[in-house]
Each structure stands twice: as C-alpha cells, then as structure tokens.
Participant: 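This is the structure, below, for whatever I ask next.
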Amino acid sequence: MKQQDPGVVGIWTWSFDRQPAPAVRDAAAEIEELGFGALWFGEGLGRDTVGQAWLLLSATRRIVVASGIANVALRDPISMATAERALGEAFPGRYLLGLGGHRVGGRPVDAGGFTIPSGGRPLALLSGYLDAMDAVPAHGPVPDPPVRRVLGALGPKMLALAAQRTWGAHPYFVPVEHTARAREVLGPDSFLGVEQPIVFDPDIARARELARAHVAAYASGAPHQAANLRRLGFGDDDLAGPSGRLVDAIVAYGDLNAIEERVRRHLSAGADHVCLQVVGTAPAALPLREWRELSAIVPTVSRRTSVS
C-alpha cells in the first residue's frame with residue numbers, strides 16, 4: 001500500500017465533538033466527496049482522538065484523517081503507540097498522527113471542574129514522548145506503510161524537532177509570515193500543513209467582528225499562542241484588543257475569493273497543505289453549507305504540485 005496524498009486543501013474542525021456518530025459519519029463522507037484531501041480534528045474533552053479517528057476513517061474510503069493534534073497530556077506514549085499501529089494497520093496510508101498539546105509546558109487548566117494536567121517543558125517532553133513511542137514493542141500487526149507523524153509546532157526549536165523526528169509540522173493559529181519562517185526552519189523536505197481559520201460571510205463588518213472574537217479567545221487564553229505572536233512582532237496592545245492588524249493577519253474573512261487568496265498566500269510562503277477551519281458559526285451545528293461552498297476552491301488551488 002502507499003501513503004494517501006493529503007492534497008493541498010483540507011478541512012479542520014472541532015464541530016464533530018457535539019454531534020452523534022451517525023451525523024459525523026455522514027459529514028465525513030460528504031467532505032470526502034467534496035474533494036478535500038484531508039480531514040483534521042482537534043482533541044479537547046469531546047471524543048478522544050483515537051475514537052474520533054476510527055469513526056472518521058471507517059466512514060470514508062480515501063481521505064486522509066489527521067489528528068490536529070492528539071494531546072500528549074491525555075495519554076501515555078504506550079497507549080498512543082499501540083493506537084497508532086491499530087489505526088495504521090486497519091486503514092493503510094490514511095491516518096496522520098499529529099502530536100502536541102495546548103498544556104505542554106503550561107499550567108494545569110480547570111475545564112469545567114476537571115483539571116487537564118500540565119506536561120512539562122515542551123521540547124524535552126515531546127522528544128521523550130517520541131522516544132517512548134518508538135520503544136514500544138509490537139505484539140500485533142505492524143502498519144505498512146508506517147503511520148506518518150507531525151508535531152503541532154510553532155517556535156523554531158519545536159519546528160526543528162518536527163523536521164528531525166517526524167514527517168513535518170502542523171502550525172495552528174498562525175499568519176502567513178509564520179508559514180514563511182516555518183518553511184525556513186523545516187527545510188524543503190518536511191511537510192508543512194497550516195491551519196487557517198475563516199469566516200465565510202460577504203458582510204465584511206459582521207465577518208470581522210466574528211473573526212475578532214475568535215482571535216481574542218486565543219490571544220488572551222492561550223499563552224503559547226500569545227508567545228508565538230510576540231515572536232512575530234505583535235505587541236501587548238495587539239493581543240489585548242485584539243487589534244485589527246492581528247485579526248486580519250490570523251483570520252481570512254469575506255467571500256470565496258478572499259479565502260482562496262489567503263490559501264494561495266500560505267502556499268506561496270511554503271505551505272504544502274492548508275486546512276480550513278470555519279469559525280463564527282453556531283458551535284452546536286455542522287457548517288455544512290460553508291464546507292460545500294469552500295469545495296469550489298479545491299480544484300483551482302490544487303493545480304499546485306502535490307506532496308509526495
């Protein structure tokens with residue numbers, strides 16, 4: 001078997017966590033039929049990353065299913081390694097394991113009365129986690145081809161680790177400038193799959209306010225994201241607002257042409273793949289209308305050479 005190509009454009013979503021399994025299966029199958037190359041999902045306190053991956057892979061036939069990311073603070077490397085093998089063997093070439101975690105290197109967080117633990121110093125933690133996964137002996141079928149891994153990397157040291165130890169990097173909540181810097185660190189041979197939040201609304205004023213709310217949640221509530229933005233030259237005033245400059249740098253909003261232009265800018269800056277996250281819609285609903293309309297840009301931007 002060969003590795004399935006994730007293509008140039010994918011979908012990134014949190015929305016499956018709030019949906020019953022039949023609705024998730026139907027939506028995943030439709031995303032595949034719309035022509036997207038990869039389907040990315042996060043991990044919070046909804047479905048665990050392994051169960052979600054199995055659900056999505058079993059509902060589809062070709063599309064790459066990618067954890068973006070599997071939170072290393074929520075499971076030990078033995079569990080992750082054995083799950084990786086099971087998914088890779090059952091769905092050859094289609095599972096992409098993204099590793100990282102918003103609590104890596106941070107303080108424990110209270111999630112509605114449940115504490116998500118801190119993981120420790122990021123670089124040492126993830127390097128050790130990869131070492132431990134690689135050391136787990138196989139007592140069952142080994143996937144062929146092996147499962148590809150990426151790291152949820154932002155800073156230069158983590159990007160360098162991604163290049164050295166995995167297939168590449170999956171930066172989240174980043175402007176085009178970061179894509180260019182990430183490509184410099186990763187070099188020409190590593191995969192770079194960038195998450196891009198979008199507000200798909202032709203009413204520019206309304207779209208920008210929805211975009212501002214999305215940026216505010218990360219700029220004020222995610223220290224690792226704030227630190228990355230400061231590395232890129234955004235100051236405390238940008239983060240506190242958030243400023244229009246920061247909102248415009250992070251979120252693509254408006255009509256289909258504006259979103260396609262942002263995808264092309266990431267690709268020109270060095271991205272191999274851009275996964276689009278629809279934000280600003282009702283959190284309990286699937287953004288099916290937006291996904292269907294976004295599929296129109298897949299054939300136009302996919303003329304770019306695919307990742308081998």
Participant: Indicate if L232 and L159 have the same hydrophobic cluster label, given that clusters are the connected sets of ILVMFWY residues with side-chain heavy-atom separations under 4.5 angstrom.
Facilitator: no

Participant: Please walk me through it: do V24 and L56 pass side chain to side chain contact (heavy atoms under 4.5 Å, CB included)?
Facilitator: CA-CA 7 Å; V24 174; L56 296 170; 3.6 Å; yes

Participant: Do you know the tightest heavy-atom contact between T60 and A28?
Facilitator: CG2-O, 3.5 Å

Participant: Treat each ILVMFWY residue as a node, draw an edge where side-chain heavy atoms are under 4.5 Å apart, and state whether V136 and L126 are in one component.
Facilitator: no

Participant: Please report the interatomic distance CG(L57) to OH(Y95), rounded to the nearest 0.5 Å.
Facilitator: 8.0 Å

Participant: Are the side chains of R206 and V199 in contact, using a 4.5 Å heavy-atom criterion?
Facilitator: no

Participant: Keeping the roles fixed (side chain from Q3, backbone from P146), state whether a donor-acceptor pair exists under 3.5 Å.
Facilitator: yes

Participant: For side chain to side chain contact (heavy atoms under 4.5 Å, CB included), just list the numbers for R265 and R262, CA-CA rounded to whole Å, side-chain angles, deciding distance to a tenth of an Å, and then say yes or no.
Facilitator: CA-CA 5 Å; R265 289 179 59 202; R262 181 65 61 89; 3.7 Å; yes

Participant: Heavy-atom count around D131 CG within 6.0 Å, excluding the residue itself: above 12?
Facilitator: yes

Participant: Is there side-chain contact between Q225 and L154, with heavy atoms separated by less than 4.5 Å?
Facilitator: yes

Participant: Taking CZ in R230 as the centre, count heavy atoms belonging to other residues, nucleotides or ligands within less than 6.0 Å. Is the count above 12?
Facilitator: yes

Participant: Evaluate the criterion side chain to side chain contact (heavy atoms under 4.5 Å, CB included) for residue pair E30 and L34; output intermediate values, then yes/no.
Facilitator: CA-CA 6 Å; E30 181 170 355; L34 288 170; 4.1 Å; yes

Participant: So, taking the atom named CG in L99 and the one named CE in M80, what distance separates them when rounded to the nearest 0.5 Å?
Facilitator: 6.5 Å

Participant: Considering only heavy atoms from C-beta outward, does the side chain of F234 approach that of P242 to under 4.5 Å?
Facilitator: no

Participant: Does the side chain of L229 come within less than 4.5 Å of I250's, by heavy atoms?
Facilitator: yes

Participant: I need the I198 CD1 to L276 CG distance, nearest 0.5 Å.
Facilitator: 5.0 Å

Participant: Between E33 and R61, is there a side-chain N and carboxylate O pair less than 4.0 Å apart?
Facilitator: yes

Participant: With side chains defined as the heavy atoms from C-beta onward, is the minimum distance between W40 and V64 less than 4.5 Å?
Facilitator: no

Participant: Judged by atom type as modelled, is there a donor-acceptor pair below 3.5 Å linking the side chain of R85 to the main-chain atoms of P143?
Facilitator: no

Participant: Ignoring hydrogens, what is the shortest heavy-atom contact between V50 and R75? Give both atom names and the distance.
Facilitator: CG2-NE, 4.5 Å

Participant: Has the side chain of D26 got a donor or acceptor atom that lies under 3.5 Å from a matching backbone atom of A23?
Facilitator: no

Participant: Show your working on side chain to side chain contact (heavy atoms under 4.5 Å, CB included) between M158 and L123 and close with a plain yes or no.
Facilitator: CA-CA 6 Å; M158 193 65 75; L123 204 65; 4.2 Å; yes

Participant: Under a 4.0 Å threshold between the charged nitrogen and the carboxylate oxygen, would E261 count as salt-bridged to R264?
Facilitator: no

Participant: Quick one: do V274 and F36 end up in the same hydrophobic cluster if we chain Ile, Leu, Val, Met, Phe, Trp and Tyr together by side-chain heavy atoms under 4.5 Å apart?
Facilitator: yes

Participant: Salt bridge check: are R183 and D272 linked by an N-O gap of less than 4.0 Å?
Facilitator: yes

Participant: Testing the basics here: between V142 and A138, what is the closest heavy-atom pair and its distance to 0.1 Å?
Facilitator: CG2-CB, 3.8 Å

Participant: Taking I297's backbone N and O only, do any of them form a donor-acceptor pair with E260's side chain (distance below 3.5 Å, no angle check)?
Facilitator: no

Participant: If you compare all heavy atoms of T49 against all heavy atoms of S67, which two are closest, and at what distance to 0.1 Å?
Facilitator: OG1-CB, 3.4 Å

Participant: How about H224 and P122: do any of their side-chain heavy atoms sit closer than 4.5 Å?
Facilitator: no

Participant: Going only through I, L, V, M, F, W and Y residues with side-chain contacts under 4.5 Å, is there a path from V194 to L96?
Facilitator: no

Participant: Any idea how W12 and H170 line up, ring-wise: parallel (<30°), tilted (30 to 60°), or perpendicular (>60°)?
Facilitator: parallel

Participant: Would you name the heavy atoms of F173 and E195 that are closest together and state the gap between them?
Facilitator: N-OE1, 2.9 Å

Participant: Within the 4.5 Å heavy-atom criterion, are Q52 and D17 side-chain neighbours or not?
Facilitator: yes

Participant: For the CE atom of M133 and the CD1 atom of I78, what is their distance to the nearest 0.5 Å?
Facilitator: 11.0 Å

Participant: Side chains of V278 and W291: closer than 4.5 Å at any heavy-atom pair?
Facilitator: yes

Participant: Rounded at 0.5 Å granularity, tell me how far OG in S127 sits from CD in Q164.
Facilitator: 8.5 Å

Participant: With the 4.5 Å side-chain cut-off for hydrophobic clustering, are V176 and V247 part of the same group?
Facilitator: no

Participant: Testing the 3.5 Å rule here: is there a donor-acceptor pair between the side chains of T281 and R289?
Facilitator: no

Participant: As an exercise, state the distance from SG of C275 to OH of Y172, rounded to the nearest 0.5 Å.
Facilitator: 9.5 Å

Participant: Closer than 3.5 angstrom, by distance alone: can the side chain of E32 be matched with the main-chain N or O of I63 as a donor-acceptor pair?
Facilitator: yes

Participant: Measure from the side-chain N and O atoms of R165 to the backbone N and O of L151, and report whether any donor-acceptor pair falls under 3.5 Å.
Facilitator: no

Participant: If you apply the rule salt bridge (Lys or Arg N to Asp or Glu O under 4.0 Å), what do you find for R212 with E209, and how did you get there?
Facilitator: CA-CA 5 Å; R212 187 182 302 278; E209 286 310 301; 3.6 Å; yes

Participant: Identify the heavy atoms of F200 and D255 that sit nearest to each other, and give their distance.
Facilitator: CE1-C, 3.8 Å

